[in-house]
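These notes are about the structure you will find just below.
Note that ligands are numbered from 1 as they come in the structure, with each ligand's atoms numbered from 1 the same way.
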Amino acid sequence: MTLRKTGWLALVTALGLIALLPVPEFWITQLNYIGISSLAVLGLILLTGVGGLTSFGQAAFVGIGAYTSAYLTVHAGLSPWLTLFIGLALTAGCALILGWITLRMSGHYLPLATLAWGLSLYYTMGNLDALGKYDGIAGVPGLALWSWELGQGRLFFVMTWALVLLGALGLLHLLDSRVGRAIRALRTGSQMAESMGIDTLRFKIGIFVLSALLASVSGWLYAHFQRSVTPSPFGVQVGIEYLFMAVLGGAGHVWGATTGVTITKLLADQLQVLLPKLIGTSGSYETIVFGVLLVLTLKYAPEGIWAFVDRKLPKPARPVDWHNAPALVHRSKPAAGEVVLQAIDIRKAFGGLVAVNDINFSVRSDQIVGLIGPNGAGKSTTFNLITGVLGLTSGRVTFRGETISGLPSREIAKRGISRTFQHVKMIADMTVLENVALGAHLRGQRGAVAAMLRLDRSEEQSLFKEAEFQLRRIGMGDHLHELAGNLAMGPQRLLEIARALCNDPALLLLDEPAAGLRHKEKEALADVLRQLKSEGLSILLVEHDMDLVMQVTDRIVVMEFGTRLIEGTPEEIQASPEVRAAYLGTEH
Ligand code: ADP
Ligand code: MG
């Protein structure tokens, strides 16, 4: 049995024992509250901790689940099991609309927007006559399964925690999948993810809806546990408390949810008894303690309590079990001599600064074209124009005969252009192999549901097989299971090349791949580039190492201050006095 399975067995056994042994009712009730809140916080782990989208509005979705079920069971006499699904549907609808509007916002605007709709949903609940205004809805029936009343005790405990475990397991599976890698890429900014072909807005909305659905289930449980609903548990203050629990427990870890909720709940109980005795008057003093605690957590344990446990847990390397997996499908490659890329009068102005000034060049298949020039010449900007990271001010780019300028970068990636970044963009807490597998995103199809149910394993094996192949060919075969964040600069660049190759590109754009590489590594890189070229791949290479450029390129375009200075073969460029003057700054 694997370690992971042992852990789950221990967890299920422990929960089973709690249900069977004569644990006092008080603790069962506490654990029921903890389980209910854990589901809502689990959503925030996905949304905020993993996806990097801060929301103060999680409690509002709990409210939608709770109010839907309360209203429909009390006023329409529907079965709570039916209203669960109605609540989920309603929550999904609201989350889709809110997500569609707010998730395009970046920076501070998103958290502010979540505050805004958190508040408005709260006041909606509090002011609608049909929902009983601030008195809420009383007389909500308890849950029953056939003839068993689940009540508020042990049976309810079993069901709640079964849902918590299912939610946690689903999330763990999700995060360890093709979709999960895309979700984990969201935090690093959209540029890299989009360049891998990931529709970041879609994934943001996806985790927003999923997170809201978990909250909705939590609300449904709450309504039927509490047997009544009022607006106050669904206000923004509670939304903030959920966020606090996630941060305290460890927002980046699935188990941070239950950890954070449990600690907060137990501590709040103790403080509510202790503090009034100490201070002599009663009041919600525990809020002050929690405020201090949050600041201390952020300062001294920003990854939360679970991170300490997580560090102690043994992490067996992913078993390499994909060698028999079917290979991924390859795209058709351009014919020999075909013009693959054409930049026609491309121009980019940043305000008054013309970074790229009506540049023209083309790349044929089986060609490596060097793009060189002093710092600030506009090389990286040219890359960004070709890959759709930046919009053109004027001009046009065609790829294999099709105009690609104006397309978003994920569409350009889909057509077969891959790139690396001058400033390495990778996910530090993912292994090298997983980072590289991200590059093969477009070559898989399995979605979130398949991932949660583990129906994606054979596709995963094919993706990892490809990732391993690309890493080995670039000389990184010994680093598969290392965390990418632990790599030195040179290997990080190689990781990016392997990741770009995973997309099976027809054109590869490399932005200073040799920076930070040692001499031996540079020689190996030159060999790899020649090998790729012999396989029919075209390469556009920005590089300062002139030895490498002269060795591998077929043609070179020299840029200076955004303009094209000269274009020619390596020999012509080396012989050109203009280039010496501009690029080397001296004439030898
Ligand atoms: P290179 O890669 O050749 O060193 P870049 O393409 O990075 O040069 O930059 C070309 C010029 O454009 C520089 O003067 C740089 O400061 C400017 N530039 C690049 N990106 C931006 C941006 N996003 N906003 C404003 N100016 C920029
Ligand atoms: Mg640059």
Side-chain angles (χ1 to χ4, degrees), residues 106-107 188-195 200 341 343-361 363 368-397 405-406 408-409 412 417-426 489-490 492-497 499-500 507-517 522 525 529 539-550 552-553 555-568 570 573 576 578-585:
S106 54
T188 54
S190 61
Q191 218 182 78
M192 185 271 281
E194 291 273 336
S195 294
T200 50
L341 180 83
I344 306 158
D345 291 332
I346 59 170
R347 183 184 187 85
K348 181 69 189 178
F350 295 112
L353 174 82
V354 182
V356 175
N357 196 347
D358 299 337
I359 293 279
N360 284 284
F361 65 89
V363 182
I368 301 184
V369 175
L371 188 60
I372 65 171
N375 276 326
K379 307 179 296 293
S380 294
T381 306
T382 302
F383 266 29
N384 287 339
L385 293 176
I386 294 170
T387 53
V389 170
L390 292 172
L392 286 157
T393 305
S394 64
R396 199 157 68 90
V397 180
S405 31
S409 41
I412 293 174
I417 300 185
S418 288
R419 68 170 296 179
T420 64
F421 294 88
Q422 182 177 354
H423 303 286
V424 174
K425 295 184 199 297
M426 43 154 216
M489 203 53 181
Q492 285 186 7
R493 293 190 174 278
L494 296 178
L495 177 157
E496 282 216 333
I497 299 175
R499 186 179 65 195
L507 174 68
L508 182 62
L509 274 59
L510 301 176
D511 201 345
E512 303 196 15
L517 292 194
K522 280 184 191 173
L525 177 65
L529 296 186
I539 299 174
L540 187 61
L541 174 70
V542 166
E543 183 49 60
H544 284 299
D545 186 312
M546 280 307 120
D547 282 343
L548 180 70
V549 174
M550 295 302 164
V552 302
T553 55
R555 295 194 71 74
I556 295 176
V557 177
V558 185
M559 287 181 75
E560 191 193 25
F561 299 122
T563 56
R564 188 179 78 170
L565 197 63
I566 184 175
E567 179 180 344
I573 299 298
S576 155
E578 288 162 279
V579 174
R580 292 195 182 187
Y583 190 67
L584 303 171

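The distance from atom CD1 of Ile539 to atom CG of Leu529, rounded to the nearest 0.5 Å, is 5.0 Å. The CG atom of Asn384 sits 11.0 Å away from atom CG of Leu392, with the distance rounded to the nearest 0.5 Å.
Considering backbone and side-chain atoms together, Thr382 places no N or O closer than 3.5 Å to any N or O of ligand 1. Distances between N or O atoms of Ala355 and those of ligand 1 include no value under 3.5 Å.
In terms of heavy atoms, Gln422 sits closest to Ser380 at OE1-OG, 2.7 Å. The two residues Ile372 and Val549 have their closest heavy-atom pair at CG2-CG1, 4.1 Å. In plain terms, the two heavy atoms of Ile368 and Leu541 that are nearest each other are CG2-CB, 4.5 Å. Summarising the geometry of Arg347 relative to Asp358, their closest heavy-atom pair is NH1-OD2, 3.2 Å, with the distance given to 0.1 Å. Closest approach of Met559 to Pro374, counting heavy atoms only: O-CD, 3.5 Å. Closest non-hydrogen pair, Ala193 versus Thr200, comes out as CB-CG2, 3.6 Å.
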| request: Check the pair Arg499 / Glu496 against salt bridge (charged side-chain N to carboxylate O under 4.0 Å, His left out), numbers first and verdict last. | output: CA-CA 5 Å; Arg499 186 179 65 195; Glu496 282 216 333; 2.9 Å; yes
| field | Verdict with supporting geometry, Phe561 and Asn357, side-chain contact (heavy atoms from CB on, under 4.5 Å) | value | CA-CA 8 Å; Phe561 299 122; Asn357 196 347; over 6 Å; no
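If you number the atoms of ligand 1 from 1 as listed, the ones under 4.0 Å from a heavy atom of Ala377 come out as 1 (P), 3 (O), 8 (O).
Annotation: atom 9 (O) of ligand 1 to nearest protein heavy atom, Thr381 OG1, 3.7 Å. The protein atom (non-hydrogen) at minimum distance from atom 24 (N) of ligand 1 is Phe350 CD2, 3.3 Å. Here the protein heavy atom with the shortest distance to atom 7 (O) of ligand 1 is Ser380 CB, 3.7 Å. Closest to atom 10 (C) of ligand 1, if we only count protein heavy atoms, is Gly376 O, 3.4 Å.
Within the 4.0 Å cut-off (strictly below), a protein heavy atom is located near atom 2 (O) of ligand 1.
A heavy-atom separation below 4.0 Å is found between Gly378 and ligand 1.
Under the 3.5 Å distance criterion, the side-chain polar atoms of Arg493 are matched with a main-chain donor or acceptor of Ala515.
At a heavy-atom cutoff of 4.0 Å, ligand 1 is contacted by the side chain of Leu353 but not by its backbone.
Below the 2.8 Å limit, the Mg ion (ligand 2) has as protein N, O or S neighbours Ser380 OG, Gln422 OE1.
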